[in-house]
Novice: 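Below are the structure tokens for one structure; questions will follow.
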There are 2 protein chains.
Amino acid sequence: MSQMHSVEKQLRQMILGLEIGPGEKLTERWIESRFGASRTPVRAALLRLETEGLVGRDGRGWTVSPINLAELEQIAVYREAVEVAAVRLTCSLADRSAIDVIEAMLESCDNDTPREEWHRVGMDFHIELARLSGNEFLFRAVRDAMTRLSRARWLEVRDEAALSRAWAEHRAILAAARRGDADEAARLLSVHIVGSRDRLVTSLANDRRGLRARGFAVVAA
Amino acid sequence: MSQMHSVEKQLRQMILGLEIGPGEKLTERWIESRFGASRTPVRAALLRLETEGLVGRDGRGWTVSPINLAELEQIAVYREAVEVAAVRLTCSLADRSAIDVIEAMLESCDNDTPREEWHRVGMDFHIELARLSGNEFLFRAVRDAMTRLSRARWLEVRDEAALSRAWAEHRAILAAARRGDADEAARLLSVHIVGSRDRLVTSLANDRRGLRARGFAVVAA
DNA sequence: TGCACCATCTTGGTATCCCAAATTGGTATC
DNA sequence: GATACCAATTTGGGATACCAAGATGGTGCA
């Protein structure tokens with residue numbers, strides 16, 4: 001038998017990994033047969049994924065949420081608010097030694113690290129940084145925002161220059177946080193998030209035609 | 001037959017209205033018979049309410065989330081981040097005429113307004129103010145935070161002095177926002193949220209014994 | 001040939017049944 | 001009298017049967 005949250009995890013994996021394209025229709029029966037589960041766990045999974053914004057109701061049926069450029073821009077504003085608050089909180093803590101763990105995480109990526117790993121670590125940087133604040137709500141907010149951004153970020157990972165720039169910015173943010181310079185850390189983080197958003201939205205707007213050709217629904221800003 | 005989200009709405013109402021006490025055990029079978037629905041919609045309702053933080057899993061069963069003082073303090077920090085970001089965003093908008101609607105909402109409360117109405121308007125002030133920002137994520141964050149605070153806030157409503165103070169602060173925030181003074185609006189809002197948290201936590205810590213006597217679970221900070 | 005209407009199938013929503021695990025209450029033993 | 005163990009009931013999780021509404025496609029009439 002499958003583990004408890006198996007349907008949910010596997011389905012989320014397929015959606016986040018773009019194995020099921022943004023905008024695709026989903027039927028409970030298809031998921032049921034695909035994962036060998038019955039409708040009860042399928043429905044639970046869909047309800048959870050709905051709150052994560054990964055699937056939505058399309059009239060009567062279910063749809064994998066399209067990539068929404070307007071939403072990406074709004075998320076950037078939201079992230080800026082919560083991540084800046086989190087890093088400021090972290091800077092005010094006495095023990096900031098856990099920052100080293102995040103630094104190590106960044107350093108674990110080198111030239112022969114697979115794309116998936118860069119993608120994951122790029123998100124985990126922000127999530128773990130928020131976790132350091134000790135505030136559960138700021139942490140969850142960042143984690144949920146990164147989940148929503150996850151699919152769009154596959155594109156950024158393909159750009160070497162953007163990646164090394166992002167990593168440099170990540171290191172600079174950590175350095176400021178480590179010495180407790182809240183203002184500088186906040187400033188760098190803001191710049192990073194806004195820049196990241198710009199690159200992402202531009203890149204998506206350019207690739208939009210190609211993405212649609214692959215069957216990925218991309219909603220304009 | 002009952003409407004689609006009837007179980008969820010009614011159950012949420014009972015929890016938020018303290019008709020079911022914080023910390024109480026819930027069984028799917030009880031909810032089923034109580035609302036005349038079957039288990040499927042009951043489970044959907046529980047899953048949704050779980051993401052709202054109103055119910056939680058207690059081993060195998062379900063429990064109405066206790067009032068958690070530590071959580072209230074963390075929510076205040078979270079609120080401060082998102083509400084301040086929202087009001088700053090609103091101040092940067094050209095058309096801030098919708099502020100008048102919120103002002104009118106505040107003025108609709110007078111001496112012979114029932115408690116429930118003060119309670120609701122006190123929350124809607126923050127929710128509607130966040131909505132003005134036009135950012136869906138900031139709005140949802142504030143709405144969810146207020147939902148989580150809702151039960152604890154029943155206590156504050158009993159304190160006349162605290163209420164009139166809160167209303168004065170609300171008006172001052174609106175005034176600053178109306179003239180586009182983002183820094184002042186942000187400052188006033190921060191002060192309001194922190195003060196509100198202090199009064200709430202103090203009040204709850206004092207009433208804790210009484211609340212427990214009524215069967216309400218209150219978890220210390 | 002084109003359009004409207006009807007039969008059929010699909011789909012999500014609901015109700016009910018089954019099961020495994022855990023809680024509970026009682027009893028027997030030390 | 002306390003405790004350990006066992007049975008029975010309760011409970012949530014999963015599976016399945018059923019239903020009403022909507023989509024679909026085919027057919028017949030104009």
Side-chain angles (χ1 to χ4, degrees), chain A residues 1-16 19-66 68 212 215-217 219, chain B residues 1-16 19-66 68 212 215-217 219:
Chain A
M1 195 211 84
S2 48
Q3 280 295 330
M4 175 152 55
H5 289 148
S6 176
V7 182
E8 183 184 337
K9 282 183 182 170
Q10 290 186 58
L11 188 55
R12 184 189 293 109
Q13 211 57 36
M14 288 187 73
I15 292 173
L16 291 180
E19 294 174 58
I20 313 179
E24 263 184 57
K25 287 264 192 298
L26 285 176
T27 70
E28 296 183 353
R29 255 91 178 191
W30 178 82
I31 301 169
E32 189 181 342
S33 69
R34 175 68 177 73
F35 298 106
S38 91
R39 295 184 66 198
T40 310
V42 167
R43 301 198 95 243
L46 285 170
L47 285 173
R48 289 244 172 70
L49 294 177
E50 185 187 22
T51 71
E52 295 179 36
L54 296 182
V55 304
R57 295 177 187 279
D58 171 48
R60 229 167 85 92
W62 296 93
T63 308
V64 177
S65 301
N68 186 325
R212 297 203 105 118
F216 294 171
V219 177
Chain B
M1 192 211 85
S2 47
Q3 279 295 331
M4 174 151 57
H5 288 149
S6 175
V7 181
E8 182 184 336
K9 282 182 183 172
Q10 290 186 58
L11 187 56
R12 184 188 294 109
Q13 212 56 36
M14 286 188 72
I15 293 173
L16 291 179
E19 294 175 57
I20 313 179
E24 262 184 57
K25 287 262 193 298
L26 284 177
T27 70
E28 296 184 354
R29 257 94 177 184
W30 179 82
I31 302 169
E32 188 182 347
S33 70
R34 175 67 177 74
F35 298 106
S38 92
R39 294 184 68 199
T40 311
V42 167
R43 284 189 199 163
L46 285 170
L47 285 173
R48 291 244 172 72
L49 294 177
E50 185 186 23
T51 70
E52 294 179 35
L54 296 183
V55 304
R57 295 176 187 280
D58 171 48
R60 227 166 85 93
W62 297 94
T63 309
V64 177
S65 302
N68 186 325
R212 297 203 106 117
F216 294 169
V219 177

Novice: Contact class for T40(A) vs. all strands (heavy atom < 4.0 Å): base, sugar-phosphate, or nothing?
Specialist: base
Novice: Measure the distance from CZ on R29(A) to P on dC9(C) and round it to the nearest whole Å.
Specialist: 15 Å
Novice: Give a yes/no on whether any side-chain N or O of R39(A) is located under 4.0 angstrom from OP1 or OP2 of dT16(C).
Specialist: no
Novice: Starting at CG of L54(B), measure out to CG of L16(B) and round the result to the nearest 0.5 Å.
Specialist: 5.5 Å
Novice: Of all heavy-atom pairs between T40(A) and R43(B), which one has the smallest distance, and what is that distance?
Specialist: CG2-NH1, 3.0 Å
Novice: Could you tell me the separation between the CG atom of D58(A) and the C1' atom of dG22(D), rounded to a whole number of Å?
Specialist: 13 Å
Novice: Does W62(B) reach the side chain of K25(B), with side-chain heavy atoms less than 4.5 Å apart?
Specialist: no
Novice: Of all the heavy-atom pairs spanning G56(A) and S65(A), show the shortest one and how long it is.
Specialist: N-OG, 4.0 Å
Novice: Just how far, in rounded Å, is P of dG14(D) from CZ of F35(A)?
Specialist: 15 Å
Novice: Rounding to a whole Å, what distance do you find between W62(B):CH2 and dA22(C):P?
Specialist: 17 Å
Novice: Categorize L26(A) for me: base, sugar-phosphate, or nothing, with a 4.0 angstrom heavy-atom threshold over every strand shown.
Specialist: sugar-phosphate
Novice: E32(A) CD to dG12(C) C1': how many Å, rounded?
Specialist: 12 Å
Novice: Would one find a side-chain N or O of S38(A) under 4.0 angstrom from OP1 or OP2 of dG14(D)?
Specialist: no
Novice: Return the CG to CG distance between L11(A) and L46(A), rounded to the nearest 0.5 Å.
Specialist: 6.5 Å
Novice: Round to a whole Å and report the spacing from NZ of K25(B) to P of dT10(D).
Specialist: 17 Å
Novice: Ignoring hydrogens and geometry beyond distance, is the side chain of R43(A) in donor-acceptor contact with the base of dG12(C) at under 3.5 Å?
Specialist: no
Novice: Over how many whole Å does the gap from E28(B) atom CD to dT14(C) atom C1' extend?
Specialist: 15 Å
Novice: Once you round to the nearest 0.5 Å, how far does CG of L49(A) lie from CD1 of I31(A)?
Specialist: 8.5 Å
Novice: Would you please confirm or rule out a distance under 4.0 Å between OP1 or OP2 of dG13(D) and any side-chain N or O of R57(B)?
Specialist: yes
Novice: Look up atom CD in E50(B) and atom OG1 in T51(A), then write down how far apart they are to the nearest 0.5 Å.
Specialist: 9.5 Å
Novice: Only Watson-Crick and G-U wobble pairs with both distances less than 3.5 Å should count. Give DNA chain C in dot-bracket notation, marking inter-strand partners with |.
Specialist: ||||||||||||||||||||||||||||||
Novice: Starting at atom CZ of R48(B), determine the distance to atom C1' of dG13(C), rounded to an integer number of angstrom.
Specialist: 13 Å
